Amino acid sequence: MNCFMCKGDLENKNTTFMVELDNCIIIIKNVPSQVCKQCGEVSYSNEVAKQLEKLVNSVRNAITEITVINYTEKVA
């Protein structure tokens, strides 16, 4: 598969996903990703994107400014 941005080659790597919601920063480490060797653009499979959404929603209402979790944590 090729990069959507520059058409470079993708390689499988674990990356860190970060999102800011309201006044909270959520960091998810060790996320399986495809990273472009040329431009560094990161993309996720549909399955990984769904899991990221579940993880973010599971900690969305946490009373903290920063939350760091590992991708491999299971969400119901």
Side-chain angles (χ1 to χ4, degrees):
M1 193 157 87
N2 291 350
C3 176
F4 295 114
M5 301 297 284
C6 73
K7 307 300 183 216
D9 291 329
L10 298 177
E11 63 181 334
N12 292 326
K13 283 187 169 182
N14 284 349
T15 60
T16 300
F17 175 82
M18 186 174 76
V19 64
E20 184 174 349
L21 295 173
D22 303 321
N23 293 323
C24 180
I25 297 172
I26 300 170
I27 300 168
I28 304 173
K29 299 177 358 176
N30 300 312
V31 179
S33 310
Q34 292 80 43
V35 181
C36 179
K37 292 180 182 181
Q38 185 169 313
C39 73
E41 180 71 17
V42 178
S43 59
Y44 308 102
S45 69
N46 288 338
E47 180 180 314
V48 170
K50 287 177 187 177
Q51 180 68 4
L52 286 172
E53 184 177 0
K54 287 179 184 178
L55 287 167
V56 167
N57 286 333
S58 74
V59 297
R60 179 176 230 141
N61 296 320
I63 303 172
T64 183
E65 288 186 39
I66 299 175
T67 301
V68 180
I69 55 179
N70 198 337
Y71 177 82
T72 59
E73 292 180 23
K74 296 295 179 190
V75 179

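Reckoned from all heavy atoms, side chains included, excluding hydrogens, waters and symmetry mates. In what follows, residues are counted from 1 in the order of the sequence shown. Quick caveat: nothing in here was measured; it's all calculated off a predicted structure.
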Is the backbone of Val31 close enough, under 3.5 Å, to the side chain of Ser33 for a donor and an acceptor to pair up by distance?
yes
Show the nearest heavy-atom pair for residues Gly8 and Cys36, with the distance to one decimal.
CA-SG, 4.0 Å
Gap separating the OG atom of Ser43 from the CE atom of Met5, nearest 0.5 angstrom
11.0 Å
Does any part of the side chain of Thr67, heavy atoms only, come nearer than 4.5 Å to the side chain of Cys24, both counted from C-beta?
yes
Can you tell if the side chain of Met18 reaches within under 4.5 Å of the side chain of Ile26, non-hydrogen atoms only?
no
If we only count heavy atoms from C-beta on, is the Thr16 to Ile28 side-chain gap below 4.5 Å?
no
Please answer whether the main-chain N or O of Val48 pairs with a side-chain N or O of Ser45 as donor and acceptor at a distance below 3.5 Å.
yes
Can you find a pair of side-chain heavy atoms, one from Glu65 and one from Ile25, that are under 4.5 Å apart?
no
Note, Lys29 side chain near Val68 side chain (heavy atom, < 4.5 Å)
yes
For residues Cys3 and Glu41, report the shortest heavy-atom separation together with the two atoms involved.
SG-CB, 3.9 Å
Within a strict 4.5 Å, meaning less than it, do heavy atoms of the Phe17 and Tyr71 side chains meet?
no
Heavy-atom side-chain proximity of Ile69 to Ile27 below 4.5 angstrom:
no
Report the distance from atom CD of Gln34 to atom CZ of Phe4, rounding to the nearest 0.5 Å.
9.0 Å
How long is the gap from CG on Asn2 to NZ on Lys37, to the nearest 0.5 Å?
11.0 Å
Under the rule for side-chain hydrogen bond (donor to acceptor under 3.5 Å, both in side chains), what residues qualify as partners of Asn30, not counting sequence neighbours?
Asn70
Calculate, to the nearest 0.5 Å, the distance between atoms OG1 and CG belonging to Thr72 and Leu55 respectively.
9.0 Å
Which residues pass the side-chain contact (heavy atoms from CB on, under 4.5 Å) test with Lys13, not counting sequence neighbours?
Glu11, Val35
